[in-house]
Amino acid sequence: MESGPGMFVIFGASGDLTKRKLMPALYALFRQQLIPPQVAVVGVGRTAMANEAFREAMREGVSRYSEQQTDAGHVAEFSRRLYYESLDTEQDAAYPALKTKLAAIASDSGIPANCMFYLATPPSMYETIALRLAHHGFHQSNGTWRRIVIEKPFGYNLASAQALNEKLLRYWTEDQLYRIDHYLGKETVQNLLAFRFSNEIFEPLWNSHFIHHVQITSCESIGVDNRGKYYDGSGLMRDMVQNHLLQLVGMIAMEPPARFDARSVRNETIKVFESLKPLKGRDVERCVIRGQYTGATIRGEHVPGYREEKDVPPDSRTETFVAMRFFIDNWRWSGVPFYIRAGKRLPTRVTEAVIHFRPKAYQLFGKAKTAADSNQLIIRIQPDEGILLKFGMKLPGAGFNIKSVDMDFHYADLSEVYVPAAYERLLLDCWLGDATLFTRNDAVEACWKFVDPILEEWQNNPNIRLYGYPAGTWGPREADTASGLFAVFDYDEMRWRFPCKNLSNDGLYCEL
Ligand code: BG6
């Protein structure tokens, strides 16, 4: 793998992602000396801006959004490595100016022309920029290394993802393409692999004989904020399920890789995606519940409904919540339901996976409810990262009454350990040329293959309901009732785990 000194070129440099995530991550890598001091970060954007103004804006971003305490001296030193080039990225004729700029930086600073191009632009620009770069030869290594990082969503559906892959691969090689899904950079997501494949305690139980079902929840309390325009054309299925949530499924369900390298790990996750049992036609209505938040009062304050958000049409039918059940048709998981739930404007921000071990049909100590509450392994992805094991214990005293108790590990207890932000880890891996935590083209396409028929069914069948749920609640009731998604079980104790209660009770549960 090649790394060493080089240039980091960010398209979309005046956008939010650059300021909030990329710059703090690069600064953290620089401060820890994980990337060499001979680095140049070149921001590219349409907005006209001088180097110094860009440096000032990024210093502010780093200080405000870094997860760790920053040091003014270090930030200043880092910002001296920043440059800005204003460029109309749609215009092919504009690219030679970028070439001149990079060459000038290289000759002034002696930094070799190793380049990592990062597309932090609206998705509609990915193809244009990647192809224009190739047209001007930026993809050619000539003794250096050249890589390109593409943000999610990669494509809008299967056909567009295939077309984008096909076009990019005409010029860039798969080894140069880094399709980023920041969930894979989260420490706790990587720990799924370590936890599964370094502990022999759980692996023998990790299959349909012992696991009753798996729940994955990824909820946010925020709404769509200023992203209404993007979000309304995307919806939660494209924004979270097709990428982040299916990647979590891949990590939880994959077979052990032959080796711990990019090829072997990615060879295993693709098998999971290819084994997802398609949901088509009537299945979509039965197994996928979609919702959209309505206005409500949370802690005395009115929170607008999705249709009242900036740049969202008042009659929008875009989903901000999805709960679904599906199966993985393979040897290990056959018959085990996987539940996924994600949404905006829910009561809290939490991402967790819950492994429910199979309760015995015959309960020696009473109720099935206790067995359902215990026998759970909860992997908390964020916040309060950690692992919780729930098991039954005899209540001291007369009789044999069982109570569910917890064994709880928190990452925060490892006070001496620094937990890097997801982008920090991924930018470093890309800099080092390690693609293990990036998504390969076949995986992106396999995930679209699963999601596409659901989106098509929603589009073609207007009778499929879109449920309104009040902001600050756990989504439509239909996602939670025994008659709904959990109806496949014999007894109705099985339902979602709720890390906290609803925050509002005045909003509207309705059909939209
Ligand atoms: C992004 C989505 O990919 O992930 C956002 O576009 C979402 O809509 C975000 O808010 C969630 O990321 P995290 O790391 O806060 O869970």
| task | Please test Trp474 against Phe498 for ring pair (Phe, Tyr, Trp, His ring centres under 6.0 Å), starting from the C-alpha separation and ending with a verdict. | result | CA-CA 8 Å; Trp474 281 101; Phe498 293 107; 5.6 Å; yes
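- Between His212 and His356, the gap from one ring centroid to the other reaches at least 6.0 Å.
- With respect to Glu255 and Arg332, a salt bridge is recorded, a charged nitrogen being found less than 4.0 Å from a carboxylate O.
- The minimum heavy-atom distance between Arg286 and Asp283, with the atom names listed, is NH2-OD1, 2.7 Å.
- With 3.5 Å as the limit, one finds a donor-acceptor pair spanning the side chains of Arg349 and Gln382.
- By the 6.0 Å contact criterion, CZ on Arg170 is enclosed, its count of non-hydrogen atoms from other residues, nucleotides or ligands being greater than 12.
- With no hydrogens or angles considered, no side-chain donor-acceptor pair links Arg238 and Asn243 at under 3.5 Å.
- Ser264 places no side-chain N or O within 3.5 Å of a backbone atom of Phe260 that could act as its donor or acceptor partner.
- Heavy atoms of other residues, nucleotides or ligands lying less than 6.0 angstrom from CD of Glu456 number more than 12.
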| request: May I have the step-by-step check of side-chain hydrogen bond (donor to acceptor under 3.5 Å, both in side chains) for Tyr411 and Asn191, ending in yes or no? | output: CA-CA 11 Å; Tyr411 270 62; Asn191 189 46; 3.3 Å; yes
| field | side chain to side chain contact (heavy atoms under 4.5 Å, CB included) between Thr121 and Ile129, worked out | value | CA-CA 9 Å; Thr121 61; Ile129 298 174; 3.7 Å; yes
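- For the residue pair Trp333 and Ala253, the shortest heavy atom distance occurs at NE1-O, 3.0 Å.
- In terms of heavy-atom proximity, Tyr171 sits nearest to His139 at O-CD2, 3.1 Å.
- No donor-acceptor contact under 3.5 angstrom links the side chains of Gln68 and Arg31, judged on distance only.
- For His135, the NE2 atom counts as loosely surrounded, since its 6.0 Å shell holds 12 or fewer non-hydrogen atoms of other residues, nucleotides or ligands.
- Residues Pro313 and Asp232 come closest through the heavy atom pair CD-OD2, 3.3 Å.
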| Evaluation steps, side chain to side chain contact (heavy atoms under 4.5 Å, CB included), between Leu346 and Thr473 | CA-CA 5 Å; Leu346 300 192; Thr473 66; 5.7 Å; no
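- Geometrically, Arg179 engages Phe154 in a cation-pi contact, judged by NZ or CZ lying under 6.0 Å from the ring centre and within 45° of the ring axis.
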| message | Using side chain to side chain contact (heavy atoms under 4.5 Å, CB included), reason through Arg325 and Phe338 one step at a time and then give a plain yes or no. | response | CA-CA 6 Å; Arg325 181 185 73 222; Phe338 276 70; over 6 Å; no
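- Taking the ring centroids of Tyr469 and Phe321, they lie under the 6.0 Å cut-off.
- For the residue pair Gly386 and Thr188, the shortest heavy atom distance occurs at N-CG2, 4.5 Å.
- Residues Arg497 and Val354 approach most closely at CD-CG2, 3.9 Å, considering heavy atoms.
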| request: Go through Lys19 and Glu60 one step at a time and tell me if the salt bridge (charged side-chain N to carboxylate O under 4.0 Å, His left out) criterion holds. | output: CA-CA 8 Å; Lys19 192 153 105 177; Glu60 200 257 330; 3.8 Å; yes
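- Checked by atom type, the side-chain pair Asp239/Tyr230 shows a donor-acceptor distance below 3.5 Å.
- Remark: the Gln32 side chain and the Glu424 side chain contain an N/O donor-acceptor pair separated by less than 3.5 Å.
- The aromatic ring centroids of Tyr339 and His213 lie less than 6.0 Å from each other.
- There is no side-chain donor-acceptor pair under 3.5 Å between Asp175 and Thr173.
- Put simply, the residue from His244, Gln247, Lys152 that forms a side-chain hydrogen bond (donor to acceptor under 3.5 Å, both in side chains) with Asp181 is His244.
- With ring centers used as reference points, Phe450 lies under 6.0 Å from Phe326.
- We find that Arg495 and Asp480 are joined by a salt bridge, their nearest charged nitrogen and carboxylate oxygen being less than 4.0 Å apart.
- Here the two rings, on His182 and Tyr423, have centers that are under 6.0 Å apart.
- Electrostatic pairing of Arg263 and Asp261 does not count as a salt bridge here, judged by no charged N lying under 4.0 Å from a carboxylate O.
- The ring of Phe202 has its center closer than 6.0 angstrom to the ring center of Phe195.
- The side-chain tip of Lys186 points at the ring of Tyr183 from less than 6.0 angstrom away and within 45° of straight on.
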